[in-house]
Amino acid sequence: MHAEEKLTYESWPAEPERSTLEAKNKFTGFWLFLGGETVLFSSLFATYLALKDKVPDSSMPLAKDLFELPLTFVATMLLLTSSLTSVYAIYQMKNFNFKKMMLWFGITALLGAAFLGSEVYEFTNYVHEGHKFTSSAFGSAFYTLVGFHGGHVAFGLMWCLTLMIRNAKRGLNLYNAPKFYVFSLYWHFIDVVWVFIFSVVYLMGMVG
Amino acid sequence: MANQQTNSGNPRVDHEYRRRKSAEEMRYQVVSFSLMIFLTLVAFGAVAMKGSAWFTVPFIILLAVVQVVFQLYYFMHMSHKGHEAPSLFLYSGLLVGLITILTFMTIIWW
Amino acid sequence: MSTYAQKKGFGATVWDFLTTVDHKKIAILYLLAGGLFFLVGGLEAVFIRIQLAVPNNDFVSAGAFNEIITMHGTTMIFLAAMPILFGFMNAVMPLQIGARDVAFPFLNALGFWLFFFGGVFLNLSWFMGGAPDAGWTSYASLAIHSKGHGIDFYVLGLQISGLGTLIGGINFLVTIINMRAPGMTYMRMPLFTWTTFVASALILFAFPPLTVGLVLMMFDRMFGSNFFVVANGGNTVIWEHLFWIFGHPEVYILVLPAFGIFSEIFSTFSRKRLFGYSSMVFATVLIGFLGFMVWAHHMFTTGLGPVANAIFAVATMAIGVPTGIKIFNWLFTMWGGSVKFTAPMHWAFAFIPSFIMGGVTGVMLAAAAADYQYHDTYFVVAHFHYVIVGGVVFSIFAGVQYWWPKIFGTMLNETLGKLTFWLFFIGFHMTFFIQHFLGLWGMPRRVFTYLPGQGFDTANMISSIGALFMSLGVIVLLINVVVTSVKNVKVGDDPWGDGRTLEWAIPSPPPFYNFKQLPLVRGLDAFWIEKMEGKKGMTPAEPLGDIHMPNASFLPFVIAFGLFIAAFGALYNGEHSWAIPVIVIGLLVTFGSMLVRSVKDDHGFHIHKEELMDDNDKGVKA
Amino acid sequence: MKRLAKWRLISFLAILTLVLSGCGEPYLSALKPAGEVADTQYDLMKLSTFIMVGVILVVVIIFVTVFFRFRRKDDTIPKQVEGSHKLEIIWTVIPILLLLILAVPTVAATFKLANVDQMDKKNSKALVINVRSHLYWWDFEYPNQKIVTSQELVVPTDEKVYFNLKSLDVKHSFWIPAVGGKMDTNTDNENKFWLEFDSKRANDAGGLFYGKCAELCGPSHALMDFKVKALSRDDFDSWVKSMKDVKKPQKAQTDLAAEGQEIFNNSCIGCHAVTPSNQMPDTARMAPNLTNFGDRSRVAGVLDHNKEDLKNWIRDPEKYKPGNMMTNKYPKMSEDQLDALAEYLMGLKVQQ
Ligand code: HEA
Ligand code: HEA
Ligand code: CUA
Ligand SMILES: [Cu+2]
C-alpha cells in the first residue's frame, strides 16, 4: 500500500498512525522522544525546586507574593480544553473525516495561542513587580522552566499550523495521518507538563 | 513491508464495529476530560481554602498524578495495545526524572 | 543494476557523502570523523604526558595545560569514543538484525552532522581566543569564573553535538524495536545489537540532564541568569548533579557497546555460542538500570552528608555484580572452545585482565570513606583510563580490525595489527599502572606541574614513556590502514570464516539495500545455524520484490550548519552588535530547512525487482 | 602452565614488595597514614585491595588456563554450550558476598568520619578551625582563639581538630594526604569534617605535613599547596599565646627592615594584614595574613623560604603562580626596595 494512495472511508485502516513501517517508526520514535522529554522537564523541575525563593535580598518578591489563582486557572482551562479538542481531531481523523479534523485542530491552535497570550501577559506583570530572569536565581529558574514549556507550546503551534496549511488541499492519507497523530501526542504531552507546572510551581508556590 | 491490518475481510461490518468502538472511546474521553476539569477545580479549591501545607501539597500532587494518568491512558491511548515500548520508555524516563527531583529536594539543602 | 554502481569522480564522491542517508556511509563518516578526533585527543594526551614527564617542566604554560586536559577529556569522550562506537552501530547493527536501513535515515544523517559541527565548533576554540579550561566536568564556580570564550565554546559545542547523539540514540532504538527481520526475536539478537539498544536507551535518558545543565550554564554566561551565581541565590552543586546524572550513565554508554563488540569477537573466534546468553542480556540491562542510581559517587567529597554517601557507595558497588557475570561468561565462552588468536582476538583477550583492573579500582573508589583519599588524584585517572582505554579503546581497535572487511571489503593486515596491539598494550599498562601509586602518594590530578622532592619524578617519567609506546601503536595502525587501502585485496562475505551473525551472510561491503530478500532468522547466531546445516546463505523470508529506499538529501548538513552559525552569535552575545542577527540567521537557516523538509514530500524511490535480479551475484559496490 | 603461574606469582610478589617499599613520602603519602582518619581510610584501602587482588587472581587463573588449553588446534567445531545455571549462581553470589564484606566497614567509616557532633556542642573544648580557600592561597581562622593565619596551618597533635570549610571565589578542595582524605570547599555552603594528627608519626614526618588543593581551580591549581605544622598541645598553646600577643604590627628590628615596613605600609597593607586578630569578616581578607611570615617554611606555598625567593616573588608573582591575585596590584619595586621588604617580612616572627 502506497502511503499517498487515495483511500476511502472503507479502506481507511483502524490505526492509520501505525499502518506503514514509516508510520510505525515515527510513532515509536516520537514516544521515545517523549520519554527523553520527561527527563528534560524533570531536570528543570528539580532545578526550580532547588532554587525556589532563592533571592539575593529580602525585598524581592517570592513565589507566594507573585502567583495568583485566577490567571493560572484561566491558563489551565485553556490548555486542558485544547487537549480535549485535539482528541476530537484525532477521533475525526480515525473516522476519515478530514474537514472536521481540520476544524478541531484549528480550535486547538486557537486555544494554544490564547494560552501563550495569557503567559506573555503574566510574565510582563511579574517583570514589573521586580521578578526578572536576571534578578535572582529564583527568577532564572522560574522563567526557564515555565518558559521552556511556553516554548514548547509555541513550537507546537507552528507545527500545527504548518501541518494544516500543508495538507489543507490534499486530504487525509496514510502519509500525513501519522503526522497529525504524532502532533496530537506532542500536544497532550505539553498538557501533561502543564499539569505539573500549575501544581508544583503555581499551586505549591501559593501554599508557600 | 507488508503492513498488518486487522480487517475481518468484510469492510462494512468492520467499520460498523469500529465506529461504535471509537464512539464509545470518545465517551470515555469526554468523561475523563470532565474528571480532569473536576480535579483541577479541586486542586485550585484546596489552595484557595488556605489549609495546612502539610495536607495541601501532597494532595495537589496526588491530583496532578491522577490527571496525568488520564491524559496518558485516555488521551494518548496508552491503554491500547502496541504501546509496550512507549510505556516502557515513558516510565523509565519518569523514574530517572523522579530520582533527579528527589535528590534535588533532599541533598541540595543549603 | 549498473546505474547505482558507477565509478564516481572525487567531487561526486564528496557530494555523495555530504548528502547520504545510507547507514553504511554514515558509519564511514562517523568512523572517519571520530578517528580524526581520536588523533587530536591523543595528541593532546601526548602533550599532557610530555609536560608531566619531568618536574617543573614548562613545555606548556599553566593556562594552556588546563585547556589541553579539558579538551583531551571532552574530545575523547564526546567526539572520539562515542562517535566511533556510533560508527560501528551504524555499520553493523542494521545488518545484524536483518534490516534494509535504520528507522530514520534522514535523522541519522542529521545526527551525524550535528555531532560533526558541534565537534568542529568546540575545536575552533583553539584558534579563536582559547579553549575551555575548567576540566571536562566544567564545574560551575570555575566555569563561571573563567575568562574568555573557552567555556562558551564548550557549552555551545556540546549542546549541538549532544543533540546529534540524542537523535542517533532514538534512531537506533526505533530501528531495533521495529525493524528486526522475521524471526529475529529480542532474545535472538546478537549481543552487540543488545548493547546498542541499552546504550541508546541510556543516551535517551542521560543526555537531557546534560542539555539542561549546559543550557543553564549558557544562560548564566551569556544571558545574565543566576543559576550558579551564589551571591544571587544560585547554587553550583546543581551543576555537579546535572553533570553526573549524565556523566555516570555516559561511561556505560561508552563501555556497553564495547562489551557488545567483545561478545561478538569472543564467540566468533572461539567458534562457540556465547556462554549464558540470556544472563548476558540481563546483565546488560541491569548495568544500564543501575547506571542511573550511582552518579553521586563522583561527589563523595562535595559534602552531601554520610547518608547520601553511604547509599550511593553501596549502589555503586552493586554494579560490580552484573559486570562480573559478563566477565565470567566471556571466559567460559572461550572455555571448551577452539580459540584462534587473530588480531581482533588479541584485543579482546587482553581486554579481560585490563578491564578488570579498572573495574576493581572502581569498586575501591566506591568505598566512600576511602574515596576521600582517592578523589581527584591520579588514582582516579588510573581507574578511568583502565576502564576506558582497556575497555573502550581496546574494543574500538578490535572492532576496526574485525569489521573492516565488512565495511570496506578488504582485510587489514594481521601482522601489523598484532604489532599495534603489542605496542599499545605495553604502553597502556606502563602509562597507567604506575598512576595508581602516584595518586596514593599524594599527587592530585589536573596539575600542570609538580615540584621535585615529593617522590613523583620517576613514576611520571615511566608513565610518559608508556604514552610514547601507545603513540607508536597508533602510528602503526595508520600505516596499516594506508597499506591495506592501497593494496585493496577484495574479500568474500565471511572473511574470518567463523562469522556467526547476519552481517556475514551478505557481501562485503554490502549492497546499498543490504538484503535483497529479508532473511528468515531461526535462532541465535542465525548465520551460523545455516552454515552448520550446510547451507551457503540465509533462507529468505519473503519473495523477491521491489525495495523502497530513501532519497539522499543535503538538508541534514544545512540544518546542522545553521546551528553552527547561530552558535557564533550566542558566543559573542552582548559583545558585538552583530551577535543577535547572527543567531537569528543561523536559526532561520535551521528552522527554514526543517520547514522545507516537512513541507516538501519525500517518498523515496523503489529499486525494481528486475534490477535486483540483474544484480545477482555481482557484488555491488556500495 | 604451572611454570607460568609460578612466574606470575613471583612477579606479583615482586611488585608487591616494590609497592610496599615505595609507599611515598611520610609527609605526603596516603600510604603513610599519620592520624586516625587516615588510618581508617588506609584500613579500608587494604581491605578492598585484598578483595580485589583475590578477584583478579581468580580471573587470571581461568584466563591463563583458557590461553593454554583451548587454542585452536584443528578444525573441529566445539560443542555449543548454552550456559550453566550452577556456575552462574556461583559467580553472582560470591561477588555479592565480597561486596557485603566491603560495604559494611565502608558505611561504618563513612558515618564515623562525618561525625562532627563535638563541634556544635555548647562549651565544647574541641579546636575548631575555619578554612577559607582563595584563588591559590589558604586562610585559617581560629574562631575561639580569635586569631588568623594563612598558608601554614598549625594544629595540636593527638586530638580531634574540627574544620569548617568554605571557599570565597571558586571551588577548591582541602587535602592533607598523610592525615586524611579531602573535603571540598564549596562556594555555596560550609562543609564540616575532622582530622586527627598523630604525634609520633608527625615526628617521623618531620612535624610538617604537605597539604594540597585537590579541585581544579584555575592555572595555579597545581601550586596551591599549604603546610601543616603539627605541635604538641603545649607547644600549640604557646604558639596561640604568642600569636595573640601581637596586638599591633610588629616593630621592625633593623633600619633596613624599618624601611621595608614603610614600603609595606604604603603598598601592601591594603591587602595583607600583619596582625593576627583580624577583625574583618572572611570575605574582606584579600591576601594571606603575614603576621608570622618569618616562621613559615615556604613563600606563597611553593617557593623556598629565603630572601632571594621572596624577592623573586614580589618582583614577579605571575612567573611563579600564573593567575594569582597579587600581580599588578602594587607599584613596581626597585631592587633596594625589594631588599628592604624582604628584610622586613623575614623578620615577622612570633616565635623566637
Ligand atoms: C568506561 C568507563 C567507565 C567504567 C566502565 C567505569 C566503571 C566503574 N566506575 Fe568509574 N569512572 C570513569 C569511567 C568508568 N568507570 C570515569 C571517566 C571517571 C572519572 C570522571 C572524572 O572525574 O573525570 C570515573 C570515576 C569513578 C568514581 C569517582 C572517583 C572519584 O572521582 O572520586 C567512582 C567511585 O565510585 C567510580 C566507580 C566505578 C565502578 C564501581 C565501576 C564498575 O562499573 C566497575 C565494575 C567492574 C568490575 C568490578 C570488574 C569485573 C567484576 C568481577 C570480576 C566480579 C567480581 C568483582 C568484585 C566482587 C568486586 N568511577
Ligand atoms: C575516551 C576517553 C579517553 C581516552 C581514550 C584517553 C586516552 C589517554 N589519556 Fe586521558 N583523559 C580522559 C579520557 C580519555 N583519555 C578524560 C575524561 C580525562 C579527564 C580530563 C579532565 O581532567 O577534565 C583524561 C585525563 C588524562 C590525564 C590527566 C590529566 C590531568 O589530570 O592533569 C592524563 C595524564 O596522563 C591522560 C593521558 C591519556 C593518555 C596517555 C591516553 C592515551 O591512551 C592516548 C593514546 C592515543 C594516542 C597516543 C594517539 C596518538 C596520536 C598520534 C601519534 C598523533 C598523530 C597525529 C596526527 C596525525 C594529527 N588523560
Ligand atoms: Cu585551589 Cu585547586
Ligand atoms: Cu561514575
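These numbers come from a predicted model, not from an experiment. Just so it is clear: chains get the letters A, B, ... in the order the sequence lines come, proteins before strands, and each one is counted from 1. Atoms considered below: every heavy atom in the structure, side chains included; atoms not considered: hydrogens, waters and symmetry mates.
Both the backbone and the side chain of Leu94(B) come within contact range of chain A, judged by heavy atoms closer than 4.5 Å. Heavy atoms closer than 4.5 Å to chain B are found nowhere in Phe30(A), neither backbone nor side chain. Of the two parts of Ser92(B), neither the backbone nor the side chain holds a non-hydrogen atom closer than 4.5 Å to a non-hydrogen atom of chain A. Contact of Ser199(A) with chain B is made through backbone and side chain together, with heavy-atom distances under 4.5 Å. Using a 4.5 Å cut-off between heavy atoms, Ser184(A) does not touch chain B at all. Both the backbone and the side chain of Phe73(A) come within contact range of chain B, each with at least one heavy atom under 4.5 Å from a heavy atom of that chain.
Here the two rings, on Phe104(B) and Tyr48(A), have centers that are 6.0 Å apart or farther. If you look at Phe27(A) and His83(B), their ring centroids are closer than 6.0 Å.
Distance check, rounded to the nearest 0.5 Å: CG of Leu203(A) to CZ of Phe59(B) gives 11.0 Å. To the nearest 0.5 Å, the span separating CD1 on Ile101(B) from CG on Leu49(A) amounts to 6.5 Å. One finds the CZ atom of Phe33(B) at 4.0 Å from the OG1 atom of Thr81(A) (value rounded to the nearest 0.5 Å).
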Candidate pair Leu80(A) and Gln67(B), rule side chain to side chain contact (heavy atoms under 4.5 Å, CB included), full reasoning
CA-CA 10 Å; Leu80(A) 279 186; Gln67(B) 222 190 105; 3.5 Å; yes
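Below 4.5 Å, heavy atoms of chain B meet no heavy atom from residues 146-160 of chain A.
A pairwise comparison of heavy atoms in Leu84(A) and Gln29(B) identifies CD1-O, 4.3 Å as the closest pair.
Not counting sequence neighbours, the partners of Glu122(A) by the side chain to side chain contact (heavy atoms under 4.5 Å, CB included) test are Leu71(A), Glu119(A), Tyr126(A), Phe142(A), Tyr202(A).
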